[in-house]
Amino acid sequence: MNFWDKYASDFDAIYGTKNNWFNTLINKLFRKSMKIRYQKTLNAIPDGKVSVLDIGCGPGHYCFSLAQNSNREISGIDYSENMISLAKDHAKELGLNDKIDFQVVDFNDFKPNQKFDYSIMMGFIEYFENPGHIIKKALDVTRQQVFISFPKAGGLLAYQRKLRYKKRCYLKLFSRNDISLLMQNLNINDYIIEKIGRDFFVTINPDHIL
């Protein structure tokens, strides 16, 4: 069993909404960026009939919020069977199991029949040694915009995160310059980098690639 299968339940709990003192403290100290990127993603995707791909969807929380608008076609993929199992269970509980297509698949092997209007990668890109390859693939399967979160390098919290993940899985943190160089190497000239606490929120327009 890989790290993400083992971590699925704990990861799911990160998005818990129980209003107790512990969650209140954790949300204030560590999850502000997660909340901001979540809200920015939902606000960026229009309410019309659009298709959305959540790459590395985990237990499906973005998908559930996006699927509240019945006009949208939502797909979520993750290579962890346990993550997708949790996502499907939650979808059934919420009455959304017929509105979201969840698949267990490695994004590198993902071959959709058509392009999606929007793709999102939240808490995903940092686990790949070749992020450029992942971004290029996302652009290849997307018509309008790709939204990506990049964890910010530097500072005590970033250092602690590197230590936590050192023996678990690969983890890369990024500076603004790292992201700019990555875009330059991919010949992407239409993108926006926004600093949101511990993350950078990046919007890319696939149609504007040199």
Transitive ILVMFWY side-chain link Leu94 to Leu66, under 4.5 Å: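 Yes; tracing contacts between hydrophobic side chains, which count when under 4.5 Å, links both residues.
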Same apolar cluster: Phe201 and Leu42, side chain cutoff 4.5 Å: yes
Side-chain contact, heavy-atom cut-off 4.5 Å: [X] with [Y]?
{"X": "Asn108", "Y": "His133", "value": "yes"}
{"X": "Ile125", "Y": "Ile134", "value": "yes"}
{"X": "Phe200", "Y": "Ser175", "value": "no"}
{"X": "Ile55", "Y": "Leu53", "value": "yes"}
{"X": "Cys57", "Y": "Ile77", "value": "no"}
{"X": "Asn71", "Y": "Val50", "value": "no"}
{"X": "Arg72", "Y": "Lys49", "value": "no"}
{"X": "Ile204", "Y": "Val202", "value": "yes"}

Lys111 and Val141: CA distance, side-chain angles, deciding distance, side-chain contact (heavy atoms from CB on, under 4.5 Å) verdict: CA-CA 9 Å; Lys111 298 178 180 178; Val141 302; over 6 Å; no
To check you understand the geometry: which heavy-atom pair defines the closest contact between [X] and [Y], and what is its length?
{"X": "Gly76", "Y": "Cys63", "answer": "CA-SG, 4.0 Å"}
{"X": "Ser149", "Y": "Gly123", "answer": "OG-N, 2.8 Å"}
{"X": "Thr142", "Y": "Ser119", "answer": "OG1-OG, 2.7 Å"}
{"X": "Tyr62", "Y": "Asp54", "answer": "CB-OD2, 3.4 Å"}
{"X": "Met122", "Y": "Thr41", "answer": "CE-OG1, 3.6 Å"}
{"X": "Ser180", "Y": "Ile193", "answer": "OG-CD1, 3.7 Å"}

If we ignore hydrogens and angles and just use 3.5 Å, is the side chain of [X] paired with the main-chain N or O of [Y] as donor and acceptor?
{"X": "Asp78", "Y": "Ser80", "value": "yes"}
{"X": "Ser85", "Y": "Glu81", "value": "no"}
{"X": "Ser51", "Y": "Asp117", "value": "yes"}
{"X": "Asn69", "Y": "Asp47", "value": "yes"}

Measure up the [X] and [Y] rings against each other and bin them: parallel (under 30°), tilted (30 to 60°), perpendicular (over 60°).
{"X": "Phe128", "Y": "Phe124", "answer": "tilted"}
{"X": "Phe116", "Y": "Phe110", "answer": "parallel"}
{"X": "Phe147", "Y": "Tyr118", "answer": "parallel"}

Worked check of side-chain contact (heavy atoms from CB on, under 4.5 Å) between Ile188 and Leu139: CA-CA 10 Å; Ile188 298 170; Leu139 294 172; 3.5 Å; yes
From CA spacing to verdict: side-chain contact (heavy atoms from CB on, under 4.5 Å), Phe102, Ser75: CA-CA 6 Å; Phe102 285 117; Ser75 298; over 6 Å; no
Point-to-point distance, once rounded to the nearest 0.5 Å, from CD of Gln145 to OG1 of Thr203: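 Atom-to-atom, Gln145:CD and Thr203:OG1 are 6.0 Å apart.
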Verdict with reasoning, Ile84 to Gln103, per side-chain contact (heavy atoms from CB on, under 4.5 Å): CA-CA 7 Å; Ile84 293 298; Gln103 296 182 48; over 6 Å; no
Other residues, nucleotides, ligands: >12 heavy atoms within 6.0 Å of Lys136 NZ: no
Which residues share a side-chain hydrogen bond (donor to acceptor under 3.5 Å, both in side chains) with Glu194, sequence neighbours left out: Lys40
Centroid separation Phe150 to Phe174 less than 6.0 Å: yes
Salt-bridge criterion met for Lys152 and Asp199 (N-O under 4.0 Å):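 So Lys152 does not pair with Asp199 through a salt bridge.
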Phe107 six-ring face occupied by Lys137 cation (under 6.0 Å, within 45°):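 Yes; both conditions hold, so Lys137 lies above the ring face of Phe107.
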